[in-house]
Amino acid sequence: MVLFLVGFMGSGKSSVGRRLAAALGYNFVDTDRAIEEDTGVTVSEIFAYEGEAGFRQRERELLRLLPSEGDVVVATGGGMPCYADNLALMRERGRVIYFKLSPDRLLARLGRGRARRPKIAGMNDEELLEYITTTLPAREAWYSQADMVIDCNGATDDYIIYHVKNFLNC
Ligand code: S3P
């Protein structure tokens, strides 16, 4: 079973995803890190030299190369399901799980880690909250098509893992 974790930057796809994979005995892939390993440069460098379009192309190619068999948790980049036919492909190949968080919680969680995210690098709290509140509604149109939506507001990692396991009946 392939589990695709989707959600906004800072929603815990990578951190909870890694723990979820360990709890289920699944492999773990983080799409941003996989692109960085493949190219030998950072996501920020790809944005700088190839633009966002170049990065989206790389994301799309990576998704197509991921194995569709075997047990794996895939933590996707926050924009991945919102471009091209990526979401349809994820739904075809596995189960899609949305980690849903309010703008305030996302802001708090993105306290650190802004620098390595080119879309929000250098923003102060006010600018970031504005960015989240204006971007999230459009992205939710994609995220909410997930097979499972987990309200992660105030949830511990263990609670989220418990819910995914329930969803999978294991
Ligand atoms: C992006 C999210 C990032 C990364 C890139 C663009 C986005 O992934 O793919 O910086 O457009 O939301 P995370 O959601 O893992 O931060």
Side-chain angles (χ1 to χ4, degrees), residues 2-21 26-66 72-87 89-90 94 96-125 127-146 148-153 155 157 160 164:
V2 184
L3 298 178
F4 293 99
L5 307 183
V6 302
F8 208 81
M9 290 176 271
S11 56
K13 295 163 292 182
S14 304
S15 57
V16 182
R18 195 176 291 279
R19 287 199 53 202
L20 173 66
Y26 282 23
N27 290 320
F28 177 73
V29 174
D30 178 304
T31 61
D32 287 340
R33 301 293 85 78
I35 290 171
E36 291 182 334
E37 277 163 28
D38 283 354
T39 57
V41 294
T42 64
V43 168
S44 301
E45 286 168 318
I46 296 172
F47 265 74
Y49 298 116
E50 300 178 359
E52 181 167 353
F55 176 73
R56 297 300 171 200
Q57 183 60 32
R58 289 185 182 279
E59 270 191 324
R60 191 166 183 270
E61 282 162 15
L62 176 82
L63 183 60
R64 270 147 193 80
L65 290 174
L66 286 178
V72 53
V73 173
V74 182
T76 66
M80 187 186 261
C82 316
Y83 288 85
D85 54 350
N86 293 345
L87 182 64
L89 195 76
M90 291 181 209
V96 182
I97 300 174
Y98 171 29
F99 286 1
K100 184 174 174 142
L101 277 159
S102 69
D104 283 348
R105 299 262 184 190
L106 290 168
L107 175 68
R109 290 183 55 108
L110 283 165
R112 306 175 306 269
R114 282 177 218 191
R116 66 181 177 82
R117 291 178 164 104
K119 293 186 82 80
I120 58 171
M123 286 186 184
N124 62 32
D125 281 0
E127 291 163 338
L128 181 54
L129 186 59
E130 169 72 14
Y131 176 79
I132 297 170
T133 47
T134 52
T135 313
L136 189 56
R139 289 204 166 176
E140 282 232 296
W142 299 100
Y143 298 155
S144 58
Q145 294 177 46
M148 181 195 195
V149 178
I150 304 183
D151 180 355
C152 297
N153 292 296
D157 291 2
I160 297 166
V164 175

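Owing to the predicted nature of the structure, the values given are computational and were not obtained by experimental measurement. Atoms within a ligand are numbered from 1 in the order they appear, just like the ligands themselves.
Looking at E61, its side chain never comes within 3.5 Å of a backbone N or O of R58 through a donor-acceptor pair. With K13 contributing its side chain and G7 its backbone, the two residues share a donor-acceptor pair below 3.5 Å. A distance-only check finds no donor-acceptor pair linking the side chain of S11 to the backbone of K100 [under 3.5 Å].
Of the options S14, P81, G78, the smallest heavy-atom separation from atom 2 (C) of ligand 1 is shown by G78.
A salt bridge links R33 with E36: the closest approach of a Lys/Arg side-chain nitrogen to an acidic carboxylate oxygen falls below 4.0 angstrom.
Polar contact with ligand 1: present for R56 (N/O pair, distance under 3.5 Å). Residue contacts with ligand 1: R117 is placed with a nitrogen or oxygen under 3.5 Å of a nitrogen or oxygen of the ligand (distance criterion only). Ligand 1 has no nitrogen or oxygen under 3.5 angstrom from a nitrogen or oxygen of T76.
Taking a cut-off of under 4.0 Å to the non-hydrogen atoms of K119, the atoms of ligand 1 that pass are 7 (C), 11 (O). Within ligand 1, counting atoms from 1 as listed, the ones closer than 4.0 Å to a heavy atom of G79 are 7 (C), 11 (O), 12 (O).
Looking at residues two or more places apart in sequence or on another chain, you find a salt bridge (charged side-chain N to carboxylate O under 4.0 Å, His left out) between D125 and R114. Partners of Y98 according to the ring-ring contact (aromatic ring centres under 6.0 Å, His included) rule, which considers only residues two or more places apart in sequence or in another chain, are Y143.
Ranking the protein heavy atoms by distance from atom 3 (C) of ligand 1 puts D32 OD2, 3.4 Å first. Looking from atom 10 (O) of ligand 1 to the surrounding protein, the closest heavy atom is P118 CD, 3.4 Å. For atom 12 (O) of ligand 1, the closest heavy atom belonging to the protein is R139 NH1, 2.6 Å. When only non-hydrogen protein atoms are considered, atom 14 (O) of ligand 1 lies nearest to K13 NZ, 2.5 Å.
For the residue pair L106 and M9, the shortest heavy atom distance occurs at CD2-O, 3.6 Å.
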